[in-house]
*Asks:* 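This is the structure, below, for whatever I ask next.
Just so it is clear, the values below take in all heavy atoms, side chains as well, and ignore hydrogens, waters and symmetry mates. Note on naming: letters A, B, ... go to the chains in the order of the sequence lines (proteins, then strands), and numbering restarts at 1 for each one.
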There are 2 protein chains.
Amino acid sequence: MSVKHILLGILSWRPSSGYDIKLEVEVQGRQMGWGSISYGSIYPQLKKLEEKGLIQAQYTEKSGRKTTIYDLTGKGWTELSNWLAQPPSYPTTRDELYMKLSFWETAMPEDRHTLIQHLELRRQESLALLEHFQQWINNDRSAISEMGKIAMEYDQARLRLDIEWSDRIIEQLKQPAQPPHQDPNRLFEKARHRRKCALQQDGYKKRNGDQPQ
Amino acid sequence: MSVKHILLGILSWRPSSGYDIKLEVEVQGRQMGWGSISYGSIYPQLKKLEEKGLIQAQYTEKSGRKTTIYDLTGKGWTELSNWLAQPPSYPTTRDELYMKLSFWETAMPEDRHTLIQHLELRRQESLALLEHFQQWINNDRSAISEMGKIAMEYDQARLRLDIEWSDRIIEQLKQPAQPPHQDPNRLFEKARHRRKCALQQDGYKKRNGDQPQ
DNA sequence: TTGGACATGTAACGGGTTACATGATTGA
DNA sequence: TCAATCATGTAACCCGTTACATGTCCAA
């Protein structure tokens with residue numbers, strides 16, 4: 001889950017410097033849905049892993065520049081295996097768009113246009129990622145294992161679903177607003193009222209130069 | 001993206017105490033893919049939001065117990081709207097299973113069984129979540145907006161895809177191992193060799209009581 | 001009368017990013 | 001010679017969780 005394991009994993013592919021790792025994560029991470037990892041995270045962690053004897057430094061020259069290449073030790077390989085054998089925890093995604101979708105009705109029901117823009121942005125980003133993928137998977141430069149391929153195909157399927165749903169939601173948002181699917185306690189009505197009152201009161205305060213507290 | 005906005009969002013649904021919010025996030029968060037938020041995060045943040053004048057406390061009695069109910073102020077509502085109007089950032093998911101899938105080939109290619117177990121666990125978890133959803137969406141107790149419904153349907157579609165793919169991958173893993181999809185530099189071969197050497201060397205050290213460093 | 005839900009808090013810690021600092025090499 | 005890339009690091013900070021502390025009310 002942590003940077004530590006990602007580093008061990010990347011080093012299992014090939015011996016690398018901190019700089020290499022950063023680049024690798026930048027590229028691979030794009031696919032995998034993790035963003036990049038900062039140097040402030042990588043270098044200290046590499047030191048720690050070396051102290052623990054999980055990786056080993058080798059000071060070499062690489063095209064004229066000196067760099068420190070790390071590789072896994074036996075202990076490192078077994079540590080990596082142990083981690084892989086642990087049952088993975090269920091992923092949690094904090095999708096800002098999804099959250100905004102859930103709060104939209106109470107906070108700004110009158111403005112469907114902005115929400116459509118958000119969805120179009122998302123659609124476009126997913127599409128870009130999908131294309132990036134499609135050219136990656138057969139680029140003949142990168143090593144892709146049997147499982148790596150499966151994982152990528154799965155990712156592509158997910159992206160296609162995302163795009164499909166973006167379209168579907170945009171379509172619906174262009175139609176006139178529907179009443180809530182269900183609302184046994186008239187919550188949305190109340191929320192709208194609370195909002196109106198709160199905004200009015202605020203306006204009143206401003207007009208009279210009232211300071212809160 | 002932060003706790004702050006989630007709190008404002010939840011409070012837009014209905015005025016709530018810190019305790020209420022925790023419960024709400026527990027239930028809703030299940031669906032939405034965010035986990036829960038700790039009290040250590042909620043209460044201090046509520047104080048801060050009150051200081052900033054985004055929310056307002058009201059000390060009341062609720063079925064015999066005194067609680068502090070917060071509600072949005074006008075300023076709070078506009079802050080929430082402003083946030084909603086910001087283009088959402090593309091979500092990053094750190095899926096441990098996905099990562100393990102990518103590292104599996106180099107670190108433990110011989111053990112496909114454990115990986116199958118991971119996938120079966122994932123399949124089962126996704127299925128449970130899907131069922132939870134299906135009963136939620138028509139429970140006639142919760143308020144579900146037009147967009148909330150769409151979001152949930154999208155989630156269900158995603159979960160069904162996840163389950164479908166778990167099955168597909170499990171199926172493939174039960175077949176004999178395939179060679180890499182592509183590997184122009186014989187990376188996987190090399191990795192296997194590096195691993196073997198590293199483990200042997202480690203074994204050697206142990207046999208001779210050699211201390212690292 | 002006791003355990004469990006309700007209810008609120010805080011201090012220490014952890015894991016990460018940001019921003020900053022430094023310097024070597026290379027190609028335009 | 002100057003900008004870009006390669007390369008490594010650190011200190012301050014941010015945001016959140018964990019663990020702990022405290023107390024009330026209700027039902028079995």
*Asks:* Output all residues satisfying side-chain hydrogen bond (donor to acceptor under 3.5 Å, both in side chains) with K62(A), sequence neighbours left out; order by chain, then residue number.
*Replies:* D20(A)
*Asks:* dT8(C), OP1 or OP2 - any side-chain N/O from S17(B) closer than 4.0 Å?
*Replies:*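 True: S17(B) side-chain N/O within range (under 4.0 Å) of dT8(C) OP1/OP2.
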*Asks:* Could you state the NZ-P distance from K22(B) to dA7(C), rounded to the nearest angstrom?
*Replies:*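 Distance check: K22(B) NZ to dA7(C) P gives 15 Å.
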*Asks:* Can you check whether T67(A) has a side-chain N or O nearer than 4.0 Å to OP1 or OP2 of dC6(D)?
*Replies:*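 Negative; the distance criterion is not met.
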*Asks:* Applying side chain to side chain contact (heavy atoms under 4.5 Å, CB included), name anything that partners Q58(B), two or more places apart in sequence or on another chain.
*Replies:*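 Counting only residues at least two positions away or on another chain, Q58(B) forms a side chain to side chain contact (heavy atoms under 4.5 Å, CB included) with T60(B).
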*Asks:* Measure from OH on Y19(B) to C1' on dT8(C) and round the result to the nearest Å.
*Replies:*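 Rounded to the whole Å, the gap is 11 Å.
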*Asks:* How many whole angstroms separate atom CD1 of I21(B) from atom C1' of dA7(C)?
*Replies:* 13 Å
*Asks:* Output the single nucleotide from dC6(D), dT10(D), dG9(D) whose closest atom is nearest the side chain of K47(A).
*Replies:*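 Nearest to the side-chain atoms of K47(A), counting from C-beta on, is dG9(D).
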*Asks:* Can you check the E24(B) CD to dA7(C) P distance for me, whole Å?
*Replies:* 14 Å
*Asks:* If I take atom OH in residue Y59(A) and atom C1' in nucleotide dT8(D), what distance separates them, rounded to the nearest angstrom?
*Replies:* 12 Å
*Asks:* In whole Å, what is the span from the CG atom of L49(A) to the C1' atom of dG15(C)?
*Replies:*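 Checked: the CG to C1' distance equals 14 Å.
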*Asks:* Going by side chain to side chain contact (heavy atoms under 4.5 Å, CB included), name the residues that satisfy it together with A128(A), two or more places apart in sequence or in a different chain.
*Replies:* none
*Asks:* Kindly say whether the aromatic ring centers of W13(B) and F103(A) come within a distance under 6.0 Å.
*Replies:* yes
*Asks:* Nearest whole Å is fine: how far is dA11(C) P from Y43(B) OH?
*Replies:* 17 Å
*Asks:* Separation of D20(B) atom CG from dA5(C) atom P, in whole Å?
*Replies:* 16 Å
*Asks:* So which one's nearest nucleotide on DNA chain C is more toward 5', K48(A) or K62(B)?
*Replies:*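 Result: K62(B).
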*Asks:* List the residues meeting side chain to side chain contact (heavy atoms under 4.5 Å, CB included) with L187(A), not counting sequence neighbours, and say none if there are none.
*Replies:*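 Residues passing side chain to side chain contact (heavy atoms under 4.5 Å, CB included) with L187(A): D183(A), R14(B), A143(B).
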*Asks:* Apply side chain to side chain contact (heavy atoms under 4.5 Å, CB included) to the pair E153(A) and W165(B), showing each step before the final yes or no.
*Replies:* CA-CA 10 Å; E153(A) 283 169 350; W165(B) 270 84; 3.5 Å; yes
*Asks:* Just by protein heavy atoms under 4.0 Å, how would nucleotides 16-28 of chain C read 5' to 3' in B, S and -?
*Replies:* SBB-----BBS--
*Asks:* May I have the list of side-chain donor-acceptor pairs in residues 37-46 of chain B shorter than 3.5 Å, sequence neighbours left out?
*Replies:*
residue : atom : partner : partner atom : Å
Y43(B)  : OH   : Y19(B)  : N            : 3.3

